[in-house]
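Single-structure report; data block below.
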Amino acid sequence: MRLNELTCSGFRCLGELQFLPIPGVNIVHGRNAQGKTSLLEAAYFAVTSKSHRTNTESELVRHNHDRFQIRAEVARRDREVRIEVNWWQGTKRIKVNHVALSRVSDLLGRANIIFFSPEDIALIQGAASVRRRFFDMEMAQLQPSYLAALQQYRQVLRQRNQLLRQPTPDLPQLEAWDEPLARHGAVLIEERRKFLRDLAPLATRAYAHIAPDEPVEIRYHPDVPDAAALPKTLLKARNSDLRQGVTNRGPHRDDFEVYVSGKPARIFASQGQQKTAALALRLAEIELVHDRTREYPILMLDEVMAELDAARAERLLDSIHPDVQCVLTTTNLNASLPSAQRASAHFLMQGGRLETR
Amino acid sequence: MLIHVPSVERLIEAFRRLPGIGKRTAERLALHVLSAPAELAETLSDAVRDARSRITTCDICGNLTEANPCTICADERRDHSVVCVVERPAGAMAIEKGGTYRGVYHVLHGVLNPLEGIGPAELKIEGLLERVRRGGVREVIVATNTTAEGETTALYLSKQVSALNVAVTRIAHGVPMGGGLEYTDDQTLQRALEGRTRL
Ligand SMILES: [Zn+2]
């Protein structure tokens with residue numbers, strides 16, 4: 001899969017902009033705060049309708065504007081996909097190949113971008129909720145049925161928690177909410193387990209490419225390991241749920257732990273190891289998307305070179321399959337030259353304007 | 001600007017309280033009513049007031065009706081032993097349009113929704129159980145929507161009604177007739193597969 005063209009207007013600090021990347025490695029350089037990250041963010045937004053760094057869409061619109069537009073032309077193995085996003089005063093409309101989508105979730109899976117940003121270190125350092133969000137987002141893109149179960153689970157959980165907060169919750173009603181919670185929750189547990197089974201070895205391999213002497217593994221820590229035991233677990237926790245006014249057990253309490261050399265990376269790994277581990281998760285996704293869809297996603301690496309020493313950076317670029325289109329940003333052009341056998345194009349980002357070099 | 005005249009603002013707000021009407025549509029409707037001949041506004045307000053004063057909810061099934069009990073509840077040719085439970089009058093209307101259902105209805109006027117403060121007491125659930133307790137009902141068909149709230153309400157009703165030794169069934173959900181699979185959304189298709197039947 002490759003991005004042939006990206007145009008946007010009114011997005012963040014970017015001017016009217018046209019980006020024509022080549023199939024190989026695209027290097028966007030420039031000083032800080034010139035719009036490099038915003039360019040990647042615009043592409044990611046076109047493909048997922050989400051930003052990697054904010055949930056407040058009004059932050060995405062240029063100062064003193066009320067509208068932004070993004071158009072992405074993506075060539076897939078089987079067909080061309082043209083995605084148009086039109087955001088105006090808080091309402092977003094998305095068209096795929098000129099047809100308006102009735103639901104934003106229908107956008108997922110049309111094109112795939114794997115995005116690594118410096119904030120991804122939170123995948124290792126941050127709270128369990130950060131990791132759950134990562135897995136939910138990635139799984140939703142690959143399996144629409146997972147997204148459906150996740151949305152249902154979240155809605156039932158919100159309703160059940162609200163019921164638990166009432167002064168005297170109606171027990172027959174609570175029982176009625178337990179059933180769908182357990183049913184959709186079981187789907188989440190099973191699907192997360194399967195996903196981890198596929199992703200974990202790929203992440204181990206990706207990490208080993210960059211840092212060969214530190215074995216890495218990811219493990220899934222489900223709050224309720226046996227999906228079939230969810231109804232029983234909910235029943236057992238009912239009294240404490242009622243006391244605390246919240247649902248204590250279930251996949252909304254799951255975690256995924258990354259281990260470097262056998263120790264939890266969250267606590268024991270160095271900053272460099274944590275960055276490499278976060279990157280390994282993203283690189284593993286590339287292979288997983290390829291396994292599932294028979295096609296490589298587009299890879300976007302924001303300021304990744306600044307995060308790694310020279311040897312790791314070079315091994316990283318060598319480890320990426322030659323068919324993967326890459327867009328990477330850097331403040332230091334010399335530090336990010338890809339290996340000689342890959343075609344590369346250079347772009348300069350300055351004050352929201354993009355120049356081809 | 002006209003929009004800031006209090007009487008116009010009030011009209012726009014009134015339109016906005018209707019389902020499916022956003023800010024822009026409300027403004028468009030209000031401006032249309034105000035710029036069309038006065039006869040339109042009079043017909044509209046008369047029709048709304050007249051219909052609203054004549055229509056009430058049926059004491060038996062809760063459906064909207066002019067006569068009480070409603071024509072369906074009063075119809076002796078219908079099968080009063082089969083009760084179809086719907087969320088809203090629109091659900092009963094949709095099934096009636098199909099023209100083959102011969103049972104009667106019960107309208108809940110909502111579904112269980114703690115986030116909106118709607119519990120069993122806010123719905124016409126006790127009325128349904130009372131109908132079942134009085135006898136003569138052999139099947140309750142639950143036709144609430146397939147939202148999380150609709151499904152949970154179906155489950156809640158099934159427990160309450162089966163405790164009274166009456167059969168509870170749930171309508172099947174699947175692929176629309178004459179519709180191709182490629183035009184059916186993923187969730188509907190998944191549900192249709194789960195509810196498959198032997199040929
Ligand atoms: Zn009636």
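Residue numbers start from 1 in every chain, and the chains themselves are labelled A, B, ... in the order their sequence lines are given, proteins ahead of strands. Note that these values count all heavy atoms, side chains included, but never hydrogens, waters or copies made by symmetry.
- The number of heavy atoms from other shown groups lying within 6.0 Å of NZ (K232(A)) does not exceed 12.
- Dense packing is recorded around CZ of R133(B), with more than 12 heavy atoms of other residues, nucleotides or ligands lying under 6.0 Å away.
- Within 6.0 Å of the CZ atom in R93(A), the count of heavy atoms belonging to other residues, nucleotides or ligands does not exceed 12.
- With values rounded to the nearest 0.5 angstrom, Q159(A) atom CD is found 9.0 Å from T147(B) atom OG1.
- Between Q173(A) atom CD and T152(B) atom OG1 the span is 8.5 Å, to the nearest 0.5 Å.
- The environment of CZ in R165(A) is crowded: more than 12 heavy-atom neighbours from other residues, nucleotides or ligands sit within 6.0 Å.
- Residue Q160(B) touches chain A through its side chain alone, counting heavy-atom pairs closer than 4.5 Å.
- Note: E149(B) CD to Q155(A) CD = 4.5 Å, rounded to the nearest 0.5 Å.
- Along residues 91-116 of chain B, the residues that come nearer than 4.5 angstrom to chain A, judged on non-hydrogen atoms, are L112(B), N113(B), P114(B), L115(B) in order of number.
- More than 12 heavy atoms of other residues, nucleotides or ligands sit less than 6.0 Å from atom CZ of R77(A).
- For the atom pair CG of D170(A) and OH of Y156(B), the computed distance is 4.5 Å after rounding to the nearest 0.5 Å.
- Separating the CZ atom in R24(B) from the OG1 atom in T91(A) is a distance of 8.0 Å, to the nearest 0.5 Å.
- Counting heavy-atom neighbours within 6.0 Å of K236(A) NZ, excluding the residue itself, gives a total of 12 or less.
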